[in-house]
Amino acid sequence: MLTIQAALLPLELQERQTLFALAILLGRAPEGFDAAASAVTGLSVPRVAPGLPSLLLVRRPDLASAEAQLAAANANVAAARAALLPGISLTGSAGLASDVLINFLSAPAAALAIGASLLQPIFDGGRLRGQVDVATSRERELVETYRKAVLAALADVESALAAGGRTAAQELLQEQVVEQARVALRLAGIRYREGADDLLTILDAQRTLFQAQDQLAQIRLARLQASVGLFKALGGSSEMPEGRNPSASGR
């Protein structure tokens, strides 16, 4: 019991510090600020829809920056997307990384070589129309930057989806562990009242339940963090903003 009480002290300090941080984010005075427990424990993990298009990734700052550099060199951004951003679904039917995404990242195509055949459709039109003389080495550098940004974006999405799927499965299993620990504590209480067990058995059952509940809380936190990671990897929500078409028009 003393061990459990000692473990609660740093958690209470962490709770107080977190409440202060939340108050500052909300523009409230930290002193006296409180948040209902249900506001945290009741958080639901957003459902990941199947068939998320890879075009969602163009909202990411790194891809937007790479495309802006291409556009500044009078490159055909639409051609660059068509050549280097695969038109694939990021998620499968279970909301996990699609087989196509996993296969793409593990296939030699992910290390696509940049040759003249790739540079030509991206830059030639711009040179003709804008009379822009960009050195071939600079063209390769810009396209390579974009290619790396695309691969990094796809890898981030795959990692976030894997983390979300793994923590979701862990949460289901840990909920069963908590329920079993709760039943064990109830049975220990019955045996104690009947004189079949001593107080130490109840204390052990309480400690087991406490540890299981603590582990469940940690897993739920990891699952929420994985959901935030997916949000960041996609450059926003899993839905395309209304009235916005991220497809490039060419320039």
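Because the structure is predicted, anything quoted here is derived from the model rather than measured.
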Exercise. From Leu9 CG over to Gln14 CD, what is the distance, rounded to the nearest 0.5 angstrom?
Worked result: 13.0 Å
Exercise. Cluster question for you: counting only ILVMFWY and a side-chain heavy-atom cut-off of under 4.5 Å, with indirect links fine, are Val143 and Val58 together?
Worked result: yes
Exercise. Is the closest basic N to carboxylate O distance between Glu175 and Arg220 below 4.0 Å?
Worked result: yes
Seminar exercise, completed: Contacts of Asp204 meeting salt bridge (charged side-chain N to carboxylate O under 4.0 Å, His left out) (sequence neighbours excluded), chain-then-number -> Arg207
Exercise. In terms of hydrophobic clusters joined by side-chain contacts under 4.5 Å, are Val45 and Leu173 together?
Worked result: no
Exercise. For Phe20, does the CZ atom sit with more than 12 other heavy atoms under 6.0 Å from it, leaving out its own atoms?
Worked result: yes
Seminar exercise, completed: Here the pair of heavy atoms bringing Leu154 nearest to Phe104 is CD1-CE2, 3.5 Å
For this session: Let me see the working for Asp156 and Arg60 under side-chain contact (heavy atoms from CB on, under 4.5 Å), right down to the final yes or no.
Result: CA-CA 11 Å; Asp156 286 348; Arg60 287 172 52 112; 3.1 Å; yes
Exercise. Taking all atoms of both residues into account, what is the closest heavy-atom pair of Ala188 and Ile202, and its distance?
Worked result: O-CG1, 3.8 Å
For this session: Could I get the full list of side chain to side chain contact (heavy atoms under 4.5 Å, CB included) partners for Ile24, not counting sequence neighbours?
Result: Pro30
Problem set entry | side chain to side chain donor-acceptor pair (under 3.5 Å) involving Thr201 - partner list, sequence neighbours excluded | Asp198
Problem set entry | By side chain to side chain contact (heavy atoms under 4.5 Å, CB included) - contacts of Leu26 (at least two apart) | Arg28, Phe33
Exercise. When rounded to the nearest 0.5 angstrom, what is the spacing between OG1 in Thr145 and CD in Glu67?
Worked result: 12.5 Å
Just distance, no hydrogens or angles: give the donor-acceptor pairs under 3.5 Å from side chains in residues 87-97, sequence neighbours left out.
residue	atom	partner	partner atom	Å
Thr91	OG1	Ala49	O	2.7
Thr91	OG1	Gly51	N	3.0
Thr91	OG1	Leu52	N	3.0

Seminar exercise, completed: Between Val177 and Ala212 the two heavy atoms that sit nearest each other are CG1-CB, 4.0 Å
For this session: Check whether any side-chain heavy atom of Val48 sits under 4.5 Å from a side-chain heavy atom of Ser227, and report yes or no.
Result: no
For this session: Starting at CG of Leu224, measure out to CD of Glu171 and round the result to the nearest 0.5 Å.
Result: 8.0 Å
Exercise. Are Val157 and Val100 grouped together when hydrophobic residues (ILVMFWY) are joined by side-chain heavy atoms under 4.5 angstrom apart?
Worked result: yes
Seminar exercise, completed: For Ala153 and Leu57 the tightest heavy-atom approach is CB-CD1, 3.9 Å
Exercise. Listed by chain and number, what are the side chain to side chain contact (heavy atoms under 4.5 Å, CB included) partners of Thr167, not counting sequence neighbours?
Worked result: Gln170, Ala222, Arg223, Ala226
Seminar exercise, completed: Note: Asn76 and Ala79 closest approach over all heavy atoms is OD1-N, 3.0 Å
Exercise. Listed by chain and number, what are the side chain to side chain contact (heavy atoms under 4.5 Å, CB included) partners of Gln180, not counting sequence neighbours?
Worked result: none
Exercise. Can you name the side chain to side chain donor-acceptor pair (under 3.5 Å) partners of Arg191, sequence neighbours left out?
Worked result: Asp197
Exercise. Could you state the interatomic distance from CD (Gln218) to CD (Gln174), rounded to the nearest 0.5 Å?
Worked result: 10.5 Å
For this session: Please check if Val150 and Ile102 belong to a single hydrophobic cluster, counting links between Ile, Leu, Val, Met, Phe, Trp and Tyr side chain heavy atoms closer than 4.5 Å.
Result: no
Problem set entry | Separation of Arg138 CZ from Gln69 CD (nearest 0.5 Å) | 6.0 Å
For this session: Find out if a path of hydrophobic residues (ILVMFWY) with successive side-chain heavy-atom gaps under 4.5 Å connects Leu161 to Phe231.
Result: no
Exercise. Can you tell me how far the CG atom of Leu151 sits from the OH atom of Tyr146, to the nearest 0.5 Å?
Worked result: 11.0 Å
Exercise. For Arg182, what residues pass the salt bridge (charged side-chain N to carboxylate O under 4.0 Å, His left out) criterion, not counting sequence neighbours?
Worked result: Glu179
